[in-house]
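Naming convention: chains lettered A, B, ... in sequence-line order (proteins, then strands); numbering from 1 in each chain. Just so it is clear, the model here is predicted, and its values are computed rather than measured.
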Amino acid sequence: MIPTPPPMGILQVALDVPIDSLFDYLDGGFDVAVGQRVVVPFGRRRQIGIVVGKSAVSEVPSAKLKAIETAFVDEPPLDPDTFALLRFCADYYQYPLGQALLASLPGRLRQTEPAVSRKQYAFRLSAVGLAADIEQLPRRKLIQRKLYAALLEHGVLHESALPEISASWRGAMQGLQESGWVEADEVLAGLSASVSAAVPPPPLNEDQTAALQRMQASEGFKAWLLHGITGSGKTEVYMQWLQQMLADNDGQALVLVPEINLTPQLEARFRSRLPHLPMVALHSNLGEAERLQNWRLAQSGIARIVVGTRLSVFTPLPRLRLVIVDEEHDGSYKQQDSMRYHARDVAMVRAQRAKVPIVLGSATPSLETWHNAQTGKYGLLTLQNRAVAKSQLPRIGCIDTNRVELQDGLSPALIEALRQRLERKEQSLLFINRRGYSPVLLCNACHWIASCTRCSSRLVVHLRQSRLRCHHCGHEQKIVRQCPSCGNADLHPTGHGTQRLEETLARLFPMARIQRVDRDSTRRKEALADILQAVHADEIDILVGTQMLAKGHDFPNLTLVGVVDTDSALFSPDFRAAERLFAQLMQVSGRAGRADKPGEVLIQTTFPEHNLFNALRKHDYVAYADSQLQERQLAQFPPYAFLALLRAEANQYSLVQDFLNDALVLARQLSEHVLTYDPVRPQMEKLKGMERAYLLMQGESRLQIQQLLRQLVPQLRAHPLASKLRWTVDVDPLEF
DNA sequence: AGCACGCCGACT
DNA sequence: GTCGGCGTGCTC
């Protein structure tokens with residue numbers, strides 16, 4: 001008798017392909033769970049996939065069905081909570097499920113090869129080691145002695161803690177292992193945190209204490225806004241909250257930070273204050289092996305705190321107890337390609353589903369968040385006072401550039417303020433949001449302007465390199481000496497950039513040590529860190545730079561911040577430009593006078609009486625936010641309405657136009673609630689050779705928008721033009 | 001997205 | 001006569 005083969009089940013597999021459908025496969029005899037990673041034959045190639053469902057039958061004709069090739073059954077499958085969160089996002093942001101799922105995994109788990117993370121070890125003393133004495137180690141083997149002492153004290157040490165002892169701990173540990181004193185285990189059991197003793201918590205002020213008490217009094221899901229100016233001690237509140245929430249359990253916390261090089265600083269602070277809580281970081285400059293390892297430590301529950309940038313909002317955390325989103329207003333939480341999610345919003349959904357509290361922290365909350373705090377949807381926690389007793393808020397003033405003559409872009413008052421700082425041996429910082437020498441190259445005779453051929457932008461003069469550059473597409477050419485239009489040799493670099501400002505300052509203050517900080521001067525990997533170090537060492541008198549300098553480091557000897565040119569943001573067609581400018585200027589102000597020296601901020605503007613500056617002078621976020629919210633309400637902009645954007649681009653504008661016009665007709669047919677506007681062209685009409693336009697959809701609720709998109713997007717995918725141009729849907733867009 | 005198939009212009 | 005351009009269509 002022929003034995004009947006075991007019946008094969010059908011697996012629904014999600015693949016990393018831009019097709020919003022699942023593919024059925026025979027299970028091939030593998031005992032596969034939902035959430036498991038599999039390798040499948042797909043057309044002529046092999047693909048990695050995630051099993052999203054199992055069934056006995058398939059709609060697909062059996063002749064077409066193939067069996068999976070491999071199942072990574074020894075790996076834990078993606079857990080149902082993370083899976084459901086990603087499914088929700090794929091749905092909400094109109095993105096194929098398979099691509100959403102796969103994009104959330106570390107790179108190594110997106111390959112068809114078995115994923116190996118670098119093996120990491122935990123070390124402990126052997127019986128021999130325990131019986132030994134430190135004096136048996138030679139005195140000059142200093143690192144071995146330190147490691148031995150640390151192991152005696154802590155019992156087990158994970159290798160991530162060992163660089164604190166010495167950068168060259170590996171060799172020394174090797175020696176200890178060879179002499180039989182130390183044994184190593186591959187890590188699974190215990191990721192210890194830090195070898196140093198906990199830095200004791202500083203006393204909290206009244207506001208901080210009140211904030212903590214209110215958070216502790218709630219249970220289950222609860223959203224909080226922690227509103228406090230720079231230096232008011234938000235981080236301290238986070239840390240004590242973490243400490244209390246994770247003290248007597250095995251829970252985990254997710255801490256989201258913006259995409260800047262600030263992560264290491266926060267990480268170091270957390271480690272020194274909470275050494276007993278194993279912590280991993282997840283950000284873009286981790287190597288593949290380390291990223292995978294850290295992700296797995298989070299997934300397995302060993303890591304208790306995950307500090308990461310936006311993508312880490314999708315990290316599997318089996319025992320999530322709380323979520324923190326630091327600097328929640330920061331634009332880097334919004335993914336600007338592929339699945340255009342907002343990590344802060346996803347974090348909110350995640351906390352709600354997990355029934356855990358979430359705190360959003362900011363000195364200048366986004367108006368969406370502020371509105372939610374005003375309506376009582378979020379609890380509002382305010383830190384009024386600067387936690388550092390001696391420090392005081394800087395004086396902020398405007399310089400009316402209508403009434404004075406500028407010298408190469410600088411007003412006499414600002415020049416005088418700089419001179420005083422040099423005299424007092426204090427540092428200054430000048431902000432200008434343009435890099436290069438000058439933003440425009442103009443012919444005085446015929447008014448020709450050097451423009452980019454691929455973008456609707458002006459070419460920026462980089463005098464030192466003698467180049468003209470497009471800051472949008474990277475196009476670069478030699479500087480022209482003669483007007484290509486009329487032959488005139490009288491070409492003028494017009495306007496000011498960082499390079500020109502640096503040159504002007506060098507002429508005005510020949511003795512001053514001036515440092516420029518922009519993308520051009522920090523191209524080298526360690527350049528920015530070196531510059532910051534030099535500022536701390538008082539080797540620099542004046543910093544000239546772009547937004548890059550707004551965040552992060554505190555310079556105790558820096559007492560003057562000058563803002564050279566911001567007026568363009570005041571009247572931008574993007575309704576969020578003013579909100580961003582206010583946040584940026586507040587942040588910039590935080591750079592001045594952190595220590596016992598009072599700081600001063602001087603802003604050059606042609607609109608000194610603009611209400612943005614009036615609020616800024618009083619350090620009054622609340623007044624500004626409330627006035628902005630009134631404007632938003634009148635205009636029916638977010639947070640009083642919800643938006644979605646259909647962006648399209650092609651080398652020919654007619655294609656874009658035809659597609660968007662058809663989409664417009666469809667959208668208006670499909671929804672009577674959502675208001676769909678005629679196609680609009682963005683400020684940058686042409687970018688990298690592509691003609692662009694978008695369709696704006698506005699609704700009273702997220703649901704209305706969602707209902708429209710759910711019908712509209714599949715119809716657009718089937719549109720005959722859809723494959724001839726590039727198009728994307730952006731739900732809750734931040735920039736236009 | 002890949003990777004095929006497929007039908008029209010300049011080359012060993 | 002072939003090599004190769006990228007338009008269209010499919011992948012369980």
A.B. asks: Any donor-acceptor pair under 3.5 Å linking the side-chain atoms of E328(A) with those of S366(A)?
C.D. replies: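 Looking only at side-chain atoms, E328(A) and S366(A) do form a donor-acceptor pair, the distance falling under 3.5 Å.
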A.B. asks: Using a cut-off of strictly less than 4.0 Å, decide whether K64(A) has a side-chain nitrogen or oxygen near OP1 or OP2 of dT11(C).
C.D. replies: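 Yes, such a contact exists.
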A.B. asks: Among the candidates dA1(B), dT11(C), dT8(C), find the nucleotide nearest to the side-chain atoms of P18(A).
C.D. replies: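 Selected nucleotide: dA1(B).
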A.B. asks: Could you please name the option among dT8(C), dA1(B), dC12(C) that lies closest to any side-chain atom of I19(A)?
C.D. replies: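 Of dT8(C), dA1(B), dC12(C), dA1(B) is nearest to the side chain of I19(A).
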A.B. asks: Using atom CZ of F42(A) as one end and atom C1' of dC3(B) as the other, report the distance to the nearest whole Å.
C.D. replies: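 The answer, rounded to whole Å, is 11 Å.
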A.B. asks: Could you tell me how far apart E69(A) (CD) and dC12(C) (P) are, to the nearest whole angstrom?
C.D. replies: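 Atom-to-atom, E69(A) to dC12(C), this comes out as 12 Å.
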A.B. asks: In terms of side-chain heavy atoms, does R702(A) have a donor or acceptor partner in Y92(A) at a distance below 3.5 Å?
C.D. replies: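 Indeed, the side chains of R702(A) and Y92(A) share at least one donor-acceptor pair under 3.5 Å.
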A.B. asks: Expressed as a whole number of angstroms, how long is the span from R45(A):CZ to dC12(C):P?
C.D. replies: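 After rounding, the reported distance stands at 9 Å.
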A.B. asks: Across the strands shown, which category fits Y25(A) at heavy-atom distances under 4.0 angstrom: base, sugar-phosphate, nothing?
C.D. replies: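 Y25(A): backbone/sugar contact only, no base atoms under 4.0 Å.
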A.B. asks: Are H342(A) and L734(A) close enough that some pair of their side-chain heavy atoms sits under 4.5 Å apart?
C.D. replies: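 Side-chain contact under 4.5 Å: yes.
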A.B. asks: Indicate, with a heavy-atom threshold strictly under 4.0 Å, whether P41(A) touches base, sugar-phosphate, or nothing.
C.D. replies: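 Sugar-phosphate contact only.
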A.B. asks: Rounded to whole angstrom units, what separation is found between the CG atom of L15(A) and the C1' atom of dC12(C)?
C.D. replies: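 These atoms are roughly 8 Å apart.
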A.B. asks: Does a side chain donor of either R469(A) or H462(A) reach within less than 3.5 Å of an acceptor in the other side chain?
C.D. replies: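 Side chains of R469(A) and H462(A): pair found under 3.5 Å.
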A.B. asks: Between Q99(A) and R44(A), who's closer to the 5' end of DNA chain B by nearest nucleotide?
C.D. replies: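 Going by which nucleotide is closer to the 5' end, it is Q99(A).
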A.B. asks: Whole angstroms only, please: what is the NZ-P distance between K724(A) and dG9(C)?
C.D. replies: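 After rounding, the gap between these two atoms is 9 Å.
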A.B. asks: Within this structure, what is the CD-to-P distance between Q47(A) and dT11(C), rounded to whole angstrom?
C.D. replies: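 Rounded to the whole Å, the gap is 14 Å.
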A.B. asks: Could you check how far CD of Q652(A) sits from P of dG7(C), rounded to whole Å?
C.D. replies: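 Between P of dG7(C) and CD of Q652(A): 12 Å.
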A.B. asks: Expressed as a whole number of angstroms, how long is the span from L655(A):CG to dG7(C):C1'?
C.D. replies: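 The distance from CG of L655(A) to C1' of dG7(C) comes to 14 Å, rounded to the nearest Å.
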A.B. asks: Is the F637(A) ring parallel, tilted or perpendicular to the F575(A) ring (thresholds 30°, 60°)?
C.D. replies: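 Because their plane-to-plane angle is under 30°, the rings of F637(A) and F575(A) count as parallel.
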A.B. asks: From the options dC12(C), dT8(C), dA1(B), select the nucleotide whose nearest atom is closest to the side chain of F23(A).
C.D. replies: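 Nearest nucleotide to the side chain: dC12(C).
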